[in-house]
Amino acid sequence: MKLMLLTCAVFPSEADARQKMWIFLKSSDKAGVPPEDLHLYGCGHGFPGYRYMKLEMQLAYLKEYKADYTHVLYHDAWDGFFTASLAELIQKYEQLGSPSILSSASIQLGNESRMDGYEGCFDETKRYRYPCVGGYMAEVPAMIEAFEHMLTLPRQTGDDCFNWYDG
């Protein structure tokens with residue numbers, strides 16, 4: 001497995017991004033992420049909205065680097081950090097059977113107050129049954145395919161969580 005750690009860094013410059021995301025960066029270093037495998041995308045851009053930033057910009061970045069990596073670990077560095085080593089995360093991913101896409105999960109739908117249209121979509125026996133846009137570990141081609149599909153869905157809002165739910 002050749003793993004890219006990817007995070008969004010929509011700030012005026014990489015220096016600004018590294019200054020504002022210092023907790024995440026320190027935790028990734030402590031977790032054992034090789035500096036050459038840490039990728040910040042979006043530097044130099046203003047905030048374009050979540051869907052554009054976390055689907056379209058991320059998709060373009062993955063396509064650009066798809067030959068260099070087999071897998072991607074996306075982590076939402078704006079409000080997250082590592083609490084385990086990268087080796088432990090990889091080990092747990094492999095123990096789960098190395099799924100083509102392993103999404104983070106939540107006990108509730110984010111930014112959605114009603115279940116209209118989602119009845120029967122999620123396994124009600126699971127506590128953490130809803131996809132969460134805060135992170136995933138996946139094969140790069142599978143994630144590219146998933147994002148391309150999400151961007152063709154009828155409902156396109158400014159929030160990527162709806163693309164994940166509908167996908």
Side-chain angles (χ1 to χ4, degrees), residues 1-10 17 20-21 23-33 37-42 47 49-62 65-66 69-113 115 117-118 120-151 153 155 157-167:
M1 171 189 307
K2 178 70 173 149
L3 181 67
M4 168 197 315
L5 172 59
L6 183 62
T7 192
C8 186
V10 175
K20 292 178 189 284
M21 299 185 334
I23 294 173
F24 170 79
L25 296 172
K26 187 74 171 166
S27 76
S28 67
D29 183 53
K30 186 175 180 181
V33 175
D37 295 333
L38 173 63
H39 292 254
L40 309 178
Y41 77 90
F47 179 71
Y50 289 110
R51 185 190 54 79
Y52 186 81
M53 176 178 70
K54 292 177 69 180
L55 289 182
E56 294 182 46
M57 290 176 74
Q58 193 175 148
L59 174 60
Y61 197 89
L62 288 172
Y65 288 94
K66 69 181 177 183
Y69 293 91
T70 60
H71 289 76
V72 56
L73 170 59
Y74 173 78
H75 198 302
D76 197 347
W78 287 16
D79 56 4
F81 54 90
F82 285 87
T83 60
S85 71
L86 185 59
E88 182 179 337
L89 295 174
I90 291 170
Q91 178 187 24
K92 288 180 178 182
Y93 172 77
E94 290 171 345
Q95 286 173 343
L96 290 169
S98 301
S100 57
I101 299 174
L102 177 63
S103 172
S104 58
S106 178
I107 60 172
Q108 64 188 25
L109 289 171
N111 301 337
E112 179 72 271
S113 58
M115 286 298 295
Y118 296 116
C121 291
F122 304 104
D123 185 347
E124 298 295 321
T125 66
K126 306 276 189 240
R127 179 167 168 80
Y128 291 92
R129 60 182 158 265
Y130 305 109
C132 177
V133 298
Y136 64 81
M137 186 178 241
E139 297 170 354
V140 172
M143 211 62 239
I144 289 172
E145 183 179 330
F147 282 165
E148 286 176 338
H149 172 71
M150 287 179 198
L151 289 167
L153 296 171
R155 179 169 62 160
T157 70
D159 193 332
D160 60 310
C161 72
F162 297 108
N163 296 80
W164 279 86
Y165 302 150
D166 294 351

Query raised in the report: Glu145: what forms a side-chain hydrogen bond (donor to acceptor under 3.5 Å, both in side chains) with it, not counting sequence neighbours?
Result: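 For Glu145 there are no side-chain hydrogen bond (donor to acceptor under 3.5 Å, both in side chains) partners, ignoring immediate neighbours.
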With heavy-atom distances below 4.5 Å as the criterion, would you say the side chains of [X] and [Y] are in contact?
X	Y	answer
Leu86	Leu73	yes
Tyr50	Val133	no
Lys54	Asp76	yes

Query raised in the report: Are a donor atom and an acceptor atom from the side chains of Asp166 and Tyr118 found within less than 3.5 Å of each other?
Result: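 Result is yes, a qualifying pair exists.
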Query raised in the report: Crowded around Lys2 NZ? As in, over 12 foreign heavy atoms under 6.0 Å?
Result: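 Check passes, neighbour count above 12.
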Ring-plane angle category for [X] and [Y], please: parallel below 30°, perpendicular beyond 60°, tilted otherwise.
X	Y	result
Phe122	Tyr130	perpendicular
Tyr165	Phe162	perpendicular
Phe147	Tyr136	perpendicular
Phe24	His75	tilted

Requested in this report: Could you check Lys66, His149, Gln58 and say which one makes a side-chain contact (heavy atoms from CB on, under 4.5 Å) with Ile144?
Outcome: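 With Ile144 as partner, side-chain contact (heavy atoms from CB on, under 4.5 Å) holds for just one option, Lys66.
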Query raised in the report: What distance do His39 atom NE2 and Tyr65 atom OH have between them, rounded to the nearest 0.5 Å?
Result: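 With rounding to 0.5 Å, NE2 (His39) is 6.5 Å from OH (Tyr65).
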Query raised in the report: Going from CZ on Arg51 to CG on Leu151, what distance comes out if it is rounded to the nearest 0.5 angstrom?
Result: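 Taking CZ in Arg51 and CG in Leu151, the distance rounds to 6.5 Å.
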